[in-house]
Amino acid sequence: MLGVQGIMATKKLRRAKLSQELCERLSRYQITTCQDFLCLSLLELMKVTGESYRNVQKLLRKVSLACAPKMQTAYEMKVRRSINPSAAFLPTSLHSLDKVLHGGIPCGSLTELTSPPGCGKTQFCITMSVLATLPVSMGGLDGAVIYIDTESAFSAERLIEIAGNRFPTYFDSDEKLFCMTRSIHLYRELTCDSVLKRIKSLEEEIISKKIKLIIIDSVASVVRKEFDTKLQGNLAERSNFLARGASLLKYVAEEFSIPVILTNQITTSLSNGLAIPADLVSPAHDLSLSEVTGASGSGKKESACVTAALGNTWSHSVNTRLILQYHDLLTRQIVIAKSPVAPFSTFFYTVEKSGLVLQDGKNLSNLPWEGTNPALQTIQVRNTALGNALLKTTDETPGDTPSP
Amino acid sequence: MQRDVGSLPLSPALRARLLAAGFQTAQELLETGPCGLSKEIGISREEALEALQVVRQECAGDAAKTAGGSGSTRKCTALELLEEEQTQGFIITFCSALDNILGGGVQLTKITEICGAPGVGKTQLCMQLAVDVQIPECFGGVAGEAVFIDTEGSFMVDRAADIATACVRHCQLIAEAHQEEDHLQALETFSLESILSHIYYFRCRDYIELLAQVYLLPDFLSEHSKVRLVVIDGIAFPFRHDFEDLSLRTRLLNGLAQQLIIIANDHKSAVVLTNQMTTRFGQNQSMLVPALGESWGHAATVRLIFHWDNTQRLATLYKSPSQKESTIPYNITPQGFRDVQPPPVTQNAEGTEMNPRKRPRREEEK
């Protein structure tokens with residue numbers, strides 16, 4: 001099987017308006033889909049169709065017409081968006097964050113949330129689930145949610161706690177709370193295979209259940225369980241799985257214009273002590289923190305930094321990347337590390353009963369677009385934050401942002 | 001005329017029949033005529049006529065070649081080429097440092113490839129170019145339209161609108177400073193709506209849709225003859241998922257490259273491709289290199305690599321037939337792709353060339 005196939009690739013040639021006899025003739029050579037046809041060279045096509053060079057060009061054009069996407073001008077796209085502006089984003093209810101993101105989590109693309117354990121990823125996801133079920137007048141999407149949970153971290157009690165504390169006036173009755181919980185469809189998937197199967201089934205579920213938000217918490221845990229990248233060949237297989245998943249999710253996100261939130265874990269990326277500039281370090285190395293010092297046996301202290309896991313290709317696949325990291329014992333930070341509409345920005349927050357709460361006083365807004373490679377954006381982990389608190393130094397730790 | 005029958009672009013079955021009947025040269029076919037041909041090898045008269053027309057055209061083409069005529073062959077002297085190159089248009093990027101190392105901007109009729117890590121600004125530059133290609137000639141632009149083929153879904157209309165608005169404002173400021181008739185006239189049709197209406201967007205979800213779209217592109221460009229820029233944002237993405245047959249991938253990519261070269265030349269357009277970076281494992285270290293392999297490196301004429309140095313974005317000219325390799329810093333601002341700091345304002349009384357250095361200080365940054 002070749003690659004990730006869209007719908008067009010598997011389209012049968014008879015639906016490309018080729019003549020019946022031509023289709024029969026081609027099927028004798030095992031050429032039945034548009035993909036089979038377009039992958040052949042011109043000479044091969046002349047041989048299997050028995051047509052002249054000129055006619056083969058015409059046939060190619062016919063088959064291409066059956067597969068090619070429809071053209072739209074950028075203006076038509078803009079007009080379509082402006083008809084329904086609220087449908088372009090799902091606000092996170094963290095106002096400063098929403099402002100910088102031009103509205104919130106974008107619909108129609110993949111948003112990734114990365115952080116070390118215990119920083120608030122799942123809290124954020126639970127909050128977004130509640131928000132998606134709210135009516136449009138309150139900034140929600142008035143729809144249902146599919147929550148794919150691979151770590152069994154979803155807690156229904158916490159869901160109710162966040163909902164009740166964040167929107168006390170709206171969730172003033174048990175009825176309203178239960179209505180909201182009925183709209184959140186939870187799937188526990190524990191292997192890569194089952195996650196992929198679930199993703200494939202999304203198209204039908206979205207239509208039948210009126211889904212407006214998809215959350216996968218987390219992609220990294222199933223992938224890292226099954227693919228040990230130290231073994232040869234596993235890296236390629238892992239990239240394949242991620243690429244297929246990303247492709248399917250993008251299709252669903254764009255087709256239905258809904259947001260898709262994926263969570264990721266952290267990894268350590270090394271520079272082997274050689275003078276290699278940061279952008280040439282491979283984030284595909286997936287070593288645990290305990291192997292950092294002296295791993296190459298050189299005796300030299302290697303500089304290592306903690307970054308988002310799953311490698312370089314995955315970083316290309318997601319359109320928006322938000323990082324949650326530790327700042328000190330109580331406060332954490334949200335960093336917008338990659339976004340097509342927002343500059344690099346950071347916000348402080350704490351985790352309360354009502355979920356994430358921004359600490360607005362310490363915001364750094366209107367930064368110039370100054371982040372670094374989103375695949376290598378350094379992330380501060382709890383030990384580092386603890387270390388900071390104990391040593392009371394703020395100079396040399398990675399991920400520190402300059403104070404205003 | 002002495003062309004061998006076996007080399008004519010007829011269908012294999014027909015060729016076989018002709019050879020079996022004893023025909024050897026194109027001359028013989030033309031002498032026999034359609035009726036005779038149909039009787040001798042047992043095909044219909046219409047088929048025979050069609051075959052003869054093909055043969056005749058082939059021979060006409062041959063004759064033109066041997067006589068040294070231009071026809072469909074692309075042949076000229078170096079002097080003619082020099083004249084062509086000097087009048088060749090460039091699409092500016094609004095980052096004067098980048099334009100400088102490119103020799104003026106992104107060149108028409110050439111394929112430019114932009115490689116870079118995720119988030120470094122490749123799509124931003126593509127959107128900037130899709131707007132800049134439309135700048136009217138009196139402001140130093142090529143007054144063209146743009147085709148945007150998106151494989152990753154990273155094109156954001158709102159962002160393109162912001163970039164377009166900033167570009168229009170820039171032109172307005174220049175028009176105000178110069179007060180020339182043709183500037184003001186051009187501005188009447190150079191607006192946000194017109195810019196967005198002339199960006200033709202195609203979303204290709206897999207490599208088959210991409211292949212199909214590129215096959216259809218010449219027809220589209222003939223119908224929309226003002227297109228001067230074709231962007232394929234994410235040439236790597238569709239080809240990177242488990243292509244088990246790497247030789248097929250190489251063949252398809254080569255075919256794509258060929259078609260794009262022809263499109264760039266025939267339609268006097270710039271072709272801009274963006275590529276991802278991939279990890280290559282060396283002996284004790286790994287490095288990031290452009291994706292799609294070594295042979296793909298030959299496809300583009302000009303290659304730019306965008307990368308980071310801590311928090312500064314850098315662009316390196318990696319491959320160019322006429323400019324030397326160099327690295328410059330650039331920024332992404334709310335207005336789009338720009339230089340690192342506003343270049344000093346100089347009193348430049350020279351004509352109407354669009355020069356970002358002329359941007360007056362009073363323009364407020366959004």
Side-chain angles (χ1 to χ4, degrees), chain A residues 2-6 8-9 34-35 38-39 41 46-47 50-54 60-61 63-65 67-69 71-75 77-78 81 102 109 240 243-244 247 250-251 254 272 274 276-280 282 284 296 312-313 315-316 319 338 340-341 368-375, chain B residues 9-13 54 117-120 123 148 152-154 156-161 193 196-209 211-213 215-216 219 237 240-245 248 251-252 255 276-279 284-288 307-311 331-333:
Chain A
L2 279 178
V4 181
Q5 291 165 337
M8 286 308 156
C34 293
Q35 174 171 331
L38 290 175
C39 282
S41 70
M46 281 171 67
K47 185 177 90 153
E51 296 283 349
S52 69
Y53 185 73
R54 203 99 55 80
L60 263 175
R61 225 166 276 147
V63 175
S64 297
L65 271 171
C67 296
M71 190 271 288
Q72 344 165 34
T73 65
Y75 187 62
M77 291 165 71
K78 181 162 186 291
R81 273 168 98 80
H102 278 56
S109 69
N240 284 339
R244 290 165 78 188
S247 207
K250 275 200 202 201
Y251 167 69
E254 285 173 26
N272 320 24
L274 306 170
I276 302 177
D279 64 304
L280 292 185
S282 161
S296 72
N312 198 30
T313 310
S315 300
H316 277 293
N319 303 99
K338 174 182 179 185
V341 295
W369 296 60
E370 186 197 281
T372 182
N373 187 341
Chain B
L10 300 167
S11 69
V54 168
V120 74
T123 307
F148 199 106
E152 296 173 341
S154 31
M156 298 272 137
V157 172
D158 299 323
R159 181 69 179 136
E193 291 83 60
L196 292 184
S197 317
H198 294 127
I199 298 180
Y200 305 111
Y201 179 81
F202 298 88
R203 173 78 170 95
C204 292
R205 301 247 165 84
D206 60 22
Y207 74 96
I208 291 298
E209 289 188 27
L211 283 178
Q213 187 50 50
Y215 272 126
L216 296 174
D219 290 339
F237 188 66
R240 298 198 65 200
H241 319 152
D242 64 353
F243 243 87
E244 279 139 17
D245 187 356
L248 172 66
R251 185 160 62 68
L252 293 178
Q276 294 176 351
M277 303 295 269
T278 187
T279 319
N284 358 346
Q285 45 155 317
S286 51
M287 24 188 278
L288 285 180
H307 53 120
W308 299 86
D309 175 20
N310 273 332
T311 55
N331 262 352
I332 313 270
T333 68

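Below, chains carry the letters A, B, ... as their sequence lines are ordered, and counting in each starts from 1. Quick caveat, the model's predicted, so the values are computed rather than measured.
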Item to complete: Under 4.5 Å heavy-atom distance to chain B, tell me which part of Leu60(A) shows up: side chain, backbone, both or neither.
Response: side chain
Worksheet entry | Portion of Ser197(B) that has a non-hydrogen atom of chain A nearer than 4.5 angstrom | both
Worksheet item: What are the two closest non-hydrogen atoms of Glu254(A) and Gly153(B), and how far apart are they?
Response: OE2-CA, 3.7 Å
Worksheet item: Any side-chain heavy atom of Cys39(A) sitting closer than 4.5 Å to one from Leu248(B)?
Response: yes
Worksheet item: Between atom SG of Cys34(A) and atom CG of Leu211(B), what is the distance when rounded to the nearest 0.5 Å?
Response: 11.5 Å
Practice prompt. Please identify each residue that fulfils side-chain contact (heavy atoms from CB on, under 4.5 Å) with Ser52(A), with sequence neighbours left out.
Written response: Arg54(A), Asn55(A)
Discussion item. Below 4.5 Å, heavy-atom pairs only: which of Met156(B), Gln213(B), His198(B), Arg203(B) has the largest tally toward chain A?
Written reply: Arg203(B)
Worksheet item: If you draw a 6.0 Å radius around OH in Tyr200(B), do more than 12 non-hydrogen atoms from other residues or ligands fall strictly inside?
Response: yes
Worksheet item: Are any non-hydrogen side-chain atoms of Pro69(A) and Arg205(B) less than 4.5 angstrom apart?
Response: no
Fill in: Contact class of Ala13(B) relative to chain A, heavy atoms under 4.5 angstrom
neither
Discussion item. I'd like to know if the side chain of Lys250(A) reaches the main chain of Glu152(B), judged simply by a donor and an acceptor atom lying under 3.5 Å from each other, with no hydrogens or angles considered.
Written reply: yes
Fill in: Gly119(B) to Lys338(A) - nearest heavy-atom pair and separation
N-CE, 4.0 Å
Fill in: Exercise: identify the closest heavy-atom pair between Cys67(A) and Ile208(B)
SG-CG2, 4.1 Å
Worksheet item: Taking the side chain as C-beta and beyond, is there a heavy-atom pair between Arg159(B) and Pro340(A) under 4.5 Å?
Response: no
Practice prompt. Determine, stepwise, if the pair Leu216(B) / Arg61(A) fulfils side chain to side chain contact (heavy atoms under 4.5 Å, CB included).
Written response: CA-CA 6 Å; Leu216(B) 296 174; Arg61(A) 225 166 276 147; 3.6 Å; yes
Worksheet item: Atom CD in Glu193(B), atom OG1 in Thr73(A): separation rounded to 0.5 Å?
Response: 11.5 Å
Practice prompt. Please name the pair of heavy atoms, one in Leu38(A) and one in Leu252(B), separated by the smallest distance, quoted to 0.1 Å.
Written response: O-CD2, 4.3 Å
Worksheet, complete the sentence: side-chain contact (heavy atoms from CB on, under 4.5 Å) filter on Gln72(A), not counting sequence neighbours, yields Glu76(A), Met77(A), Arg80(A), Tyr201(B)
